[in-house]
There are 2 protein chains.
Amino acid sequence: MNILEKITQSQAVFSKSERKVAEVILADPQTAIHSSIATLAKQSNVSEPTVNRFCRRLDTKGFPDFKLHLAQSLANGTPYVNRHVEESDGPQEYTKKIFESTMASLEVARQSLDINIINRVVDLLTQAQKISFFGLGASASVAHDALNKFFRFNVPVIYFDDILMQRMSCMNSCEEDVVVLISHTGRTKSLVEIAQIARGNDATVIGITSKDSPLAKECSLVISLDVPEDTDMYMPMASRIAQLTLIDVLATGFTLRRGTKFRENLKRVKDTLRESRYDRKS
Amino acid sequence: MNILEKITQSQAVFSKSERKVAEVILADPQTAIHSSIATLAKQSNVSEPTVNRFCRRLDTKGFPDFKLHLAQSLANGTPYVNRHVEESDGPQEYTKKIFESTMASLEVARQSLDINIINRVVDLLTQAQKISFFGLGASASVAHDALNKFFRFNVPVIYFDDILMQRMSCMNSCEEDVVVLISHTGRTKSLVEIAQIARGNDATVIGITSKDSPLAKECSLVISLDVPEDTDMYMPMASRIAQLTLIDVLATGFTLRRGTKFRENLKRVKDTLRESRYDRKS
DNA sequence: CATTAAATGTAATAAAATTACAAGATTACC
DNA sequence: GGTAATCTTGTAATTTTATTACATTTAATG
């Protein structure tokens, strides 16, 4: 438990002098961790052993140990928290907040992932004869990105952001095909229909969407990503980043499964790109 | 900065004995923070002053101060460190690693951002008559995403992933237009050419790319994103996520600048989408 | 008001960290 | 290849810091 909170809550069990110590520490914990027991005793108008006893009462081994705990509490002070952008925020603030809540969301998303399902999806992808990535709106760019990744693997991979093309593509799918459908809400009508069409053709349908959604119900396998709602602005933010990171995970699993030789192939793809670039030195 | 990472990165400046100390500490930092300087010296087969010198080399005031820093680093749980995926990693490991290094990269990227430039870019975007987002390869999906965001703002916004369309579009640009070019390396030839064309037509060219790259040199304004190299796999991963988060920042800045009334408009856009979705309850 | 227990402080002691200095290793230069 | 200069490391002394043991004070209860 955070020792700062513990100090606050332990006021009752403290003696008079100990309370004085607590007061001084709570007033400026940052300074406290850099003080010696003597300094702190003087500031609290208390003897050194009293400070030591104060530390022991908090179940620490002594003063140095107490400082360690305190330091850790202070460090825990600013973990990545999902803080919302406010009307009055300047660029400094909103930039910080957006980056931090993105990181916080990634952390939440990571913990919500089911590793077994990921493993099975990787399995299915490696065995697929053809892989399709479909999404609409904000999820379209995620599908687009997935195309980019899997295209490098030299597997037949398809991406459309046009509903009709998506439908037609699914109508032509077969048992060996894998269709990956991306939707944060899982309530986009046309995507749900596409899932039905693909399944009707015996294709494996994988959903990257939220649990228990209409889309999830139509899929063979669902990777559910719990991401804190993007309530700030009226547009998807963190959910998209989590989806992309998941794509990275799948792509990585894919290459690992395929083995070393396959990765050399990847390097060749990258080298080919070099011709379209300016040299590093220039 | 996280002192654990600092130890890792400082290997070069350490002396032989100091490296021994580093090794022992990195092997089990949790134990280290509870050890005295004597214990640690013995474990490292080194004298006590050497341990002390080790601490000072890391810019701490001495051993106790060093322990404080170490404790703080450890307090952040397992801080997000850029760890590489290994051949032998199972799904559990590589998933964790990818998420964590993505978060670590975001942290690094955030710190490398120049807030003033962001502010100016937001300025330019709000004043633009037409905004274009262009990128190729992995950055194409980032541009695609930007389209998605800015499209909701009811501003003329353009996106192409076709080189020729990009060129033509730039040829028709004028002074009031803003062209945003996205490229991690900044060495993609055709993008550099596009920058030149747009500038030739007096458009404002904003680069989201790496510092001092050929592309950066052709831009009116550059948002440089320092992201640790994506060395793991031969494909862009973290750089892309950082770019997307930056897009979020710009979009947020944009809406904040436009004020409350504008945001109501955004809500209407979102509401319109509802018709294409299944109800929450169903 | 006396007795006891708890709280606090003083002074001694022990532990830990730092400093000063010297010996040894390494590097650079002739 | 040898020598001076510099850097590295260790030993021992010193200082700082924390803890313990014990004495004194304070408060509480019958």
Side-chain angles (χ1 to χ4, degrees), chain A residues 3 6-74, chain B residues 3 6-74:
Chain A
I3 201 141
K6 194 167 182 179
I7 296 175
T8 321
Q9 288 170 15
S10 307
Q11 297 284 351
V13 292
F14 285 151
S15 73
K16 211 189 303 171
S17 309
E18 284 168 348
R19 244 187 303 273
K20 283 197 236 169
V21 180
E23 212 171 292
V24 171
I25 291 173
L26 288 175
D28 187 358
Q30 197 58 51
T31 304
I33 60 173
H34 293 113
S35 310
S36 73
I37 197 168
T39 319
L40 219 65
K42 205 173 292 170
Q43 288 184 321
S44 321
N45 282 312
V46 141
S47 73
E48 301 183 19
T50 301
V51 177
N52 196 280
R53 284 187 276 259
F54 166 84
C55 298
R56 298 236 165 108
R57 181 155 333 254
L58 293 160
D59 302 314
T60 64
K61 296 194 77 180
F63 184 69
D65 188 42
F66 167 77
K67 284 209 292 189
L68 244 45
H69 280 268
L70 190 57
Q72 296 201 316
S73 300
L74 292 177
Chain B
I3 201 141
K6 195 166 180 180
I7 297 175
T8 321
Q9 287 172 14
S10 306
Q11 296 283 350
V13 295
F14 285 151
S15 72
K16 211 187 304 169
S17 308
E18 284 167 349
R19 244 187 302 271
K20 282 196 235 169
V21 179
E23 212 170 291
V24 171
I25 290 172
L26 289 175
D28 188 358
Q30 198 58 52
T31 304
I33 61 172
H34 293 115
S35 310
S36 73
I37 196 167
T39 319
L40 218 65
K42 206 173 290 171
Q43 288 184 321
S44 321
N45 282 312
V46 141
S47 74
E48 299 184 21
T50 299
V51 176
N52 196 278
R53 284 187 278 260
F54 166 84
C55 299
R56 298 237 165 109
R57 191 170 305 274
L58 292 161
D59 302 314
T60 63
K61 296 194 76 178
F63 185 69
D65 189 42
F66 167 78
K67 283 209 292 190
L68 243 45
H69 280 266
L70 190 58
Q72 296 201 316
S73 299
L74 293 174

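Here is how names work: the chains are called A, B, and so on, in the same order as the sequence lines, proteins then strands, and each is numbered from 1.
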Pairwise distance CZ(A:Arg56) to CD(A:Glu18) - rounded to 0.5 angstrom: 12.0 Å
Atom pair distance, as rounded to whole Å: CZ in A:Phe54 and P in D:dA18: 15 Å
Side chain proximity check, B:Phe66 to B:Ile37, heavy atoms < 4.5 angstrom: no
Result block: side-chain N/O donor-acceptor pairs under 3.5 angstrom for residues 39-48 of chain B, not counting sequence neighbours:
residue, atom, partner, partner atom, Å
B:Thr39, OG1, B:Ser36, OG, 2.9
B:Ser44, OG, B:Leu40, O, 2.6
B:Ser47, OG, B:Thr50, OG1, 3.0

Short side-chain N/O contact to D:dT8 OP1/OP2 from B:Thr50, under 4.0 Å: no
Per-nucleotide protein contact string for nucleotides 10-27 of chain C (B base, S sugar-phosphate only, - none; heavy atom under 4.0 Å): B------SSB------S-
Rounded distance (Å) that lies between atom P of D:dT17 and atom CG of B:Leu68: 14 Å
Least distance between heavy atoms, A:Leu70 atom then A:Pro29 atom: CD2-O, 4.1 Å
Value rounded to 0.5 Å, distance of CD1 in B:Ile33 from CG in A:Asp65: 8.5 Å
Sub-4.5 Å side-chain heavy-atom contact between A:Val24 and A:Lys20: no
Atom-to-atom span, CD of B:Glu18 to P of D:dC7 - whole angstrom: 13 Å
Touch class at under 4.0 angstrom, heavy-atom based, for A:Val51 against every strand present: nothing
